[in-house]
Amino acid sequence: MNATTQATRPALDADQAIGQIAVELPGATAVFRRLKLDFCCGGQLSLRQASADKGLDLQAVMNVLSTLQRPSQLPDTGTPGELIDHILTRFHDVHRQQLPELIRMAHRVEAVHRGNPDVPAGLGDALEAMQQELLTHMHKEEAILFPMLRQGGNSFVSQPIGVMRHEHNDHGAALEHLASLTHDMTPPMGACNTWRALYTGLAQLRDDLIQHIHLENNVLFPPFEAATAGGCGSSGCGCS
């Protein structure tokens, strides 16, 4: 795959408030929670001060956070195998990291703010269902479809591709449901840092999943579907 310059989020600033980092950098809440850094009630402290108060190595904390700054531009595509490798690392691995923390925050927000009319009731359950569907879908791709594509495809490859396309439509419907529960992922006025971070993370999940589906539907799959159109043109065809 040809390398291109890829945009990332702004560089981390040690003097930025940890509450602001939690809201702006999806995945940071899991890091802060693991390090016992209070980004909600204590979110006004800078990352530098909060790390010092806990006796943490500031550079080590920043190094961990920097791994969450993912490229926002799509790379040039090379061979199908290179594109598959990109999809696995940039999207499959990322979805597996994103969803557990989003589920935890969703249930937390629903429990703590259950009296708020803007609370996203049912969001945690919706995310759990989405997680199960995505894990199953990605496993099918990794175990069946992607190995088939790496080998050049065959006369039957359009069948599993069709299944994946259908499931992509289901993922799109799930994203629409998440948007309906969260006012299009817009937190209400006065929302706490956890609530705001939850919606920032959901917005990234939406953007990532849309890019993921686009790469598969519009870049990876079509050449293999074209090769099998009409029942010929693949190594598995017995017409010749």
Where the side chain of E82 meets the backbone of T79, is there a donor-acceptor pair that is under 3.5 Å apart?
-> yes

How would you list, by chain and number, every residue that makes a side-chain contact (heavy atoms from CB on, under 4.5 Å) with L175, sequence neighbours excluded?
-> M130, L178, R206, L209, I210

Atom OG1 of T186 and atom CZ of R196: how far apart are they, to the nearest 0.5 Å?
-> 12.5 Å

Looking only at heavy atoms, which two atoms of S46 and D15 are closest? And how far apart?
-> CB-O, 3.7 Å

For residues F221 and S158, determine if any side-chain heavy atom of one lies less than 4.5 Å from a side-chain heavy atom of the other.
-> no

What pairs meet the salt bridge (Lys or Arg N to Asp or Glu O under 4.0 Å) rule with one or both residues in residues 153-168, with sequence neighbours excluded?
-> K140-E167, R165-E225

What pairs with F32 under ring pair (Phe, Tyr, Trp, His ring centres under 6.0 Å), at least two apart in sequence or on another chain?
-> none

Considering non-hydrogen atoms only, spot the tightest contact between P147 and E141 and give its length.
-> CD-O, 3.6 Å

Quick note, salt bridge (Lys or Arg N to Asp or Glu O under 4.0 Å) partners involving residues 52-69, not counting sequence neighbours, are none

Of all heavy-atom pairs between L99 and Q131, which one has the smallest distance, and what is that distance?
-> CD1-CA, 3.8 Å

What pairs meet the side-chain hydrogen bond (donor to acceptor under 3.5 Å, both in side chains) rule with one or both residues in residues 106-118, with sequence neighbours excluded?
-> H107-E128

Are H92 and F146 close enough that their ring centers fall under 6.0 Å?
-> yes

Does one hydrophobic cluster hold both L215 and I84, with members joined at side-chain heavy-atom distances below 4.5 Å?
-> yes

Closest heavy-atom pair, L145 versus I161, reported as atoms and distance to 0.1 Å, is CD1-CG1, 3.9 Å

Kindly indicate whether the side chain of V219, heavy atoms from C-beta on, has any atom under 4.5 Å from the side chain of L83.
-> yes

Pair H214-Q211, side-chain donor/acceptor within less than 3.5 Å = no

So do the side chains of T194 and L198 get within less than 4.5 Å of each other, counting heavy atoms only?
-> no

CD1/I144 to CD/Q159 distance, rounded to the nearest 0.5 angstrom?
-> 12.0 Å

Does a side chain donor of either N217 or H168 reach within less than 3.5 Å of an acceptor in the other side chain?
-> yes

Under 3.5 Å, is there a donor-acceptor pair between the T136 and Q132 side chains?
-> yes

Flag side-chain contact, heavy atom, 4.5 Å: Q16 against R48 | no

Hey, could you give me the CE/CG distance between M105 and L127, rounded to the nearest 0.5 Å?
-> 9.5 Å

Would you confirm whether the ring centroid of H171 sits within less than 6.0 angstrom of the ring centroid of H212?
-> no

Report yes or no: do L205 and I87 belong to one cluster of Ile/Leu/Val/Met/Phe/Trp/Tyr joined by side chain heavy-atom distances under 4.5 Å?
-> no

Residues that T89 engages under side-chain hydrogen bond (donor to acceptor under 3.5 Å, both in side chains), provided they are two or more places apart | none

Shared hydrophobic cluster for L12 and L47 (ILVMFWY, side-chain gaps under 4.5 Å) | yes

Considering non-hydrogen atoms only, spot the tightest contact between N193 and F39 and give its length.
-> ND2-O, 2.7 Å

First locate atom CG of L25, then atom CG of L68, and finally report the distance between them rounded to the nearest 0.5 Å.
-> 5.0 Å

Taking all heavy atoms of W195 and all of P120, pick out the closest pair and write down the distance.
-> CZ2-CD, 3.8 Å

Carefully, step by step, assess T200 and E24 under the rule side-chain hydrogen bond (donor to acceptor under 3.5 Å, both in side chains).
-> CA-CA 7 Å; T200 300; E24 295 179 353; over 6 Å; no

For salt bridge (Lys or Arg N to Asp or Glu O under 4.0 Å), just list the numbers for D85 and R90, CA-CA rounded to whole Å, side-chain angles, deciding distance to a tenth of an Å, and then say yes or no.
-> CA-CA 8 Å; D85 288 340; R90 176 60 183 85; over 6 Å; no

